[in-house]
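The block underneath contains the structure these notes are about, expressed in structure tokens.
All values below come from the heavy atoms of this structure, side chains included, with hydrogens, waters and symmetry mates left out. Just so you know, ligand 1 is whichever comes first in the structure, and atom 1 is the first atom listed for that ligand. Throughout, residue positions are numbered sequentially from 1 according to the sequence presented.
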Amino acid sequence: MVEIPPYVRQVLEQLEAAGHEAWCVGGCVRDSLLGRVPGDWDVATAALPEETMALSGALPTGLKHGTVTIRTEGGPVEATTFRMDGAYRDHRRPDTVSFTRSLEEDLRRRDFTVNAMAVNLAGELRDPFGGRADLQAGLLRCVGDPDQRFQEDALRILRCLRFLAELGFAVHPDTAAALRRKRGLLREIAVERIWAEFRKLLQGPFAAETLRAFPEAAGVFWPELLDMVGLDQRNRHHCYDVWEHSLHALAAVPAEDDLLRCAALLHDVGKPSCFTVDQAGVGHFYGHPKESARLAESMLRRLKCPTEFRERAVRLVLWHDRDIPRTDKGLRRALLALGEPDLRRLLALKRADNLAQAPEFWDRQKEIDLGEAILNRLLEEGACFSLKQLEIRGSDLLDLGLSGPAVGRTLNALLEAVVDGELENRRDTLLARARELAAGQGC
Ligand code: ATP
Ligand code: MG
């Protein structure tokens, strides 16, 4: 059953009242039939864009492609005129699009059968490509000839992987074979679009299974991943090769946290270039966290992922092999360096890294438990680990005669002293120490 929410019904009603066919299409139909809550509702209509523009609340957001956004009380709804795509020459976008009055033509241009269904106000389902049966069978399959569809628009290759990771479906063998054959076309796609899909892939509950099945597809933009595949670690700590270990770590961190998932996938990406085997035949990876961080940095830059995300992911990779401190001072310092959210991520990454090793070493979880317990206590006690918690402000230091960069330097020195337990976070204590420091600087 597809339950169309009132604000979307209202748009369909307006279009129908004006004599135009109007349908909910794509992801919202797929998700509803799966019993999931759709993220957004897309409307497809026989009305031409200028006819849709006659609706109240209409905004011309993508007229060239036939898209009009209708503002409603329940939120914006995109209504797009039924479209046929012309020839594709650049593997990215059709050279031309033309409008059609046929819903079926519009569904034919869509990527996968499960995304090519439509429902109208009367509850009628249009499903010319067997999307419903594929949904029931848990099968992802291109509409039409998969080679041609990936050739037209190579982003569909990554969308295919993303839907597999989100839905846990099997992929039809013809679609899988075409995906492998055409994967090189991903080079033609803007890296920002790759990153947007890849992030969603990472957040899928079946991300590890998907990457395990198609490493060579991600290897088109991240060839570094392929060096991990099949690399036997020759070390009793490990029961998996580097790639399997990384996928197990990825699967062991929460799906919704893309930053953590990215760090888990890349935490050992430097291992292949650090691999040595000693005289006893045991494998070692000296210096791999630094090398992994260096590679992760370059891989994330290549996809132009946002700077803050990149810096935080790289820092987690760099820190992943350090022992979690088990003293108040050590944990306060880690809090100072990482902040609470990323310190919690580091704990989760270390847990996952350990659980992706041979089970006889899983007792190291206890060390992480201990660090986490101290962290929780410190936070409950209101431990000070950031400038904004410090009981003294920059303005206090200005009053003492400090100015310019000396203000920040002094605040940081005070914070470090508090974090290290040398000073109490009390205003009078801090002011007294600030006076000493100021005197030392000739104020
Ligand atoms: P999500 O839940 O992530 O929004 P979705 O299926 O709605 O999934 P969108 O990117 O919102 O994905 O696209 C809406 C619909 O447009 C898809 O369901 C599909 O029918 C069609 N579509 C999107 N991108 C493509 C593409 N590259 N090629 C063909 N059809 C596409
Ligand atoms: Mg959508």
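Surrounding CZ of Arg236 are at most 12 heavy atoms belonging to other residues, nucleotides or ligands under 6.0 Å away. More than 12 heavy-atom neighbours from other residues, nucleotides or ligands sit within 6.0 angstrom of CZ on Arg83.
When all heavy atoms are compared, the tightest approach of Val143 to Ala116 is CG2-CB, 3.9 Å.
For Asp40, the N/O/S atom at the shortest distance from the Mg ion (ligand 2) is named OD1.
Taking Asp323 as the reference, Arg364 meet the side chain to side chain contact (heavy atoms under 4.5 Å, CB included) condition, with sequence neighbours excluded.
Contacts classified as ring-ring contact (aromatic ring centres under 6.0 Å, His included) and involving residues 301-329 (residues at least two apart or in different chains) are given here: Trp195-Phe309, His267-His320, His288-His320. Screening residues 121-160 for ring-ring contact (aromatic ring centres under 6.0 Å, His included) gives no qualifying pairs among residues at least two apart or on separate chains.
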Within the protein, flag every N or O under 3.5 Å from an N or O of ligand 1, and note the pair and distance.
unit_1, atom_1, unit_2, atom_2, d
ligand 1, 2 (O), Arg30, NH2, 3.1
ligand 1, 3 (O), Arg162, NH1, 2.7
ligand 1, 3 (O), Arg162, NH2, 3.4
ligand 1, 6 (O), Arg30, NH1, 2.8
ligand 1, 8 (O), Arg30, NH2, 3.4
ligand 1, 10 (O), Arg159, NH1, 3.0
ligand 1, 12 (O), Arg159, NH2, 3.4
ligand 1, 16 (O), Arg110, NH1, 3.3
ligand 1, 18 (O), Gly27, N, 3.2
ligand 1, 20 (O), Arg110, NH1, 3.0
ligand 1, 20 (O), Asn115, O, 2.9
ligand 1, 24 (N), Arg159, NE, 3.4
ligand 1, 24 (N), Arg159, NH2, 3.4
ligand 1, 27 (N), Asp153, OD2, 2.8
ligand 1, 28 (N), Arg156, NE, 2.7
ligand 1, 28 (N), Arg156, NH2, 3.3
ligand 1, 30 (N), Asp111, N, 3.2

